[in-house]
Amino acid sequence: GCGAIAIDYSLTPEAVYPTQLEEIETAYRALLSAGRAPEQIVVIGDSAGGALALCSLYRWRAAGLPLPAGLALLSPLLDARAESDTHHSLRGRDPLFTANGAENCTQCFQLYAGDADIGDPLISPISGDLAGLPPVLIHVGTREVLLGDSARFSEKARQAGVDVTLRVFDGMFHLFHQHWRLAEARSAHQDIADFIARVGSPVD
């Protein structure tokens with residue numbers, strides 16, 4: 001029941017930080033300039049796109065831009081240093097990550113960061129200040145090595161007073177949302193739609 005815009009941002013390693021955040025911000029500013037109220041916008045990001053989505057909100061907040069109505073993070077990759085315990089405790093359980101998933105995650109962030117520090121909150125959003133963020137919905141599966149990223153971020157958001165909902169799907173793996181035949185995927189998509197309806201203002 002709502003429109004969707006996908007940002008075709010530049011890819012790494014040909015383009016590095018902050019190129020992608022600048023491109024996403026250009027699209028957001030264009031929506032605002034066209035008269036779209038921020039209360040009618042919900043930002044969604046999955047996997048590494050979850051990091052870009054969250055970092056974008058940090059960037060917009062610092063620039064004094066009004067923040068969107070909500071943020072949905074699906075199987076998000078939020079810690080550039082891959083320090084979540086589940087990188088080890090769930091090693092080999094996630095079919096989309098190899099045994100050296102933690103090392104690969106950090107290497108990907110290093111490629112993206114270029115000359116910047118991968119610990120910068122605008123690169124590794126788990127280390128950012130969450131105060132003042134809009135409502136956040138997080139989806140993650142119990143077989144994901146990134147489960148710890150979602151759990152840590154959710155607790156940090158709760159302590160910062162953010163309206164955060166963490167949905168953990170039993171037996172699910174990274175980006176299970178793409179597998180439409182799964183009942184869990186259908187349930188997850190309905191949950192996202194319900195979240196958008198709850199936090200977003202209807203278009204006049």
Listed pairs under 3.5 Å, donor-acceptor, residues 161-172 side chains, sequence neighbours left out:
residue	atom	partner	partner atom	Å
Asp163	OD2	Arg198	NH1	3.1
Arg167	NH1	Asp191	OD1	3.0
Arg167	NH1	Asp191	OD2	3.1

> Hey, mind stepping through Leu78 and Leu54 against side chain to side chain contact (heavy atoms under 4.5 Å, CB included) and telling me if it holds?
Replying inline: CA-CA 9 Å; Leu78 302 176; Leu54 181 53; 4.2 Å; yes
> Please walk me through it: do Cys105 and Leu77 pass side chain to side chain contact (heavy atoms under 4.5 Å, CB included)?
Replying inline: CA-CA 8 Å; Cys105 286; Leu77 176 57; 3.8 Å; yes
> Rounded to the nearest 0.5 Å, how far apart are CD1 of Ile5 and CG of Asp8?
Replying inline: 13.0 Å
>> Please enumerate all residues that pass salt bridge (charged side-chain N to carboxylate O under 4.0 Å, His left out) together with Asp79, with sequence neighbours excluded.
In response: Arg152
>> Holding to salt bridge (charged side-chain N to carboxylate O under 4.0 Å, His left out), I want the full list of residues that pass it with Arg158, two or more places apart in sequence or in another chain.
In response: Glu155
>> According to side chain to side chain contact (heavy atoms under 4.5 Å, CB included), who are the partners of Gln190, at least two apart in sequence or on a separate chain?
In response: Ala193, Asp194
>> Applying salt bridge (charged side-chain N to carboxylate O under 4.0 Å, His left out), can you list everything that pairs with Arg81, at least two apart in sequence or on another chain?
In response: Asp117
> Nearest heavy-atom pair of Ala69 and Gly200: which atoms, and what distance?
Replying inline: CB-CA, 4.1 Å
> OG of Ser75 to CG of Leu96: how many Å apart, nearest 0.5 Å?
Replying inline: 9.0 Å
> What pairs with Glu39 under salt bridge (charged side-chain N to carboxylate O under 4.0 Å, His left out), at least two apart in sequence or on another chain?
Replying inline: none
> Could you give the distance from CG (Leu21) to CG (Leu57), rounded to the nearest 0.5 Å?
Replying inline: 11.0 Å
> If every non-hydrogen atom of Leu73 is compared with every non-hydrogen atom of Phe153, which pair is closest and at what distance?
Replying inline: CD1-CE2, 4.1 Å
>> Could you check whether any side-chain N or O of Ser127 sits under 3.5 Å from a backbone N or O of Ser124, counting only pairs where one atom can act as donor and the other as acceptor?
In response: yes
Using atom types as modelled, flag every donor-acceptor pair under 3.5 Å from a side chain in residues 128-136 to any protein atom, sequence neighbours excluded.
residue	atom	partner	partner atom	Å
Asp129	OD1	Ala131	N	3.1

> Any side-chain heavy atom of Ile118 sitting closer than 4.5 Å to one from Thr106?
Replying inline: yes
> What is the distance from atom CD of Gln110 to atom CG of Asp115, rounded to the nearest 0.5 Å?
Replying inline: 12.0 Å
> If you group Ile, Leu, Val, Met, Phe, Trp and Tyr whenever their side-chain heavy atoms sit less than 4.5 Å apart, what else falls in with Ile196?
Replying inline: Val42, Ile44, Leu74, Leu137, Ile192, Phe195, Val199
>> Do Asp149 and Ile126 have side chains that approach each other closer than 4.5 Å (heavy atoms only, starting at C-beta)?
In response: no
> Would a 4.5 Å heavy-atom cut-off, applied to side chains only, mark Pro121 and Cys55 as touching?
Replying inline: no
Using a 3.5 Å cut-off and no angle test, enumerate the donor-acceptor pairs between side-chain atoms of residues 174-185 and protein atoms at least two apart in sequence or in another chain.
residue	atom	partner	partner atom	Å
His174	ND1	Glu144	OE1	2.9
His174	NE2	Ser47	OG	2.9
His177	NE2	His139	ND1	2.9

>> Listing request: all salt bridge (Lys or Arg N to Asp or Glu O under 4.0 Å) pairs with a residue in residues 20-29, at least two apart in sequence or in separate chains.
In response: Glu25-Arg29, Glu25-Arg59
> What residues, two or more places apart in sequence or in another chain, satisfy side chain to side chain contact (heavy atoms under 4.5 Å, CB included) together with Pro95?
Replying inline: Arg143, Phe173
> What do the steps show when you test Leu146 against His87 for side chain to side chain contact (heavy atoms under 4.5 Å, CB included), and what is the final call?
Replying inline: CA-CA 7 Å; Leu146 299 178; His87 275 290; 3.9 Å; yes
> Is there a donor-acceptor contact under 3.5 Å from the side chain of Gln20 to the main chain of Ala15?
Replying inline: yes
>> Can you tell me how far apart CG (Leu67) and CD1 (Ile41) are? Round to the nearest 0.5 Å.
In response: 10.5 Å
> Within the distance-only criterion (no hydrogens, no angle test), does the side chain of Ser56 pair as donor or acceptor with the backbone N or O of Leu52 below 3.5 angstrom?
Replying inline: yes
>> By the ring pair (Phe, Tyr, Trp, His ring centres under 6.0 Å) test, which pairs, at least two apart or in different chains, include something from residues 41-85?
In response: Tyr28-Trp60
> What pair of heavy atoms forms the shortest contact from Gly148 to Thr86, and how long is it?
Replying inline: N-OG1, 2.8 Å
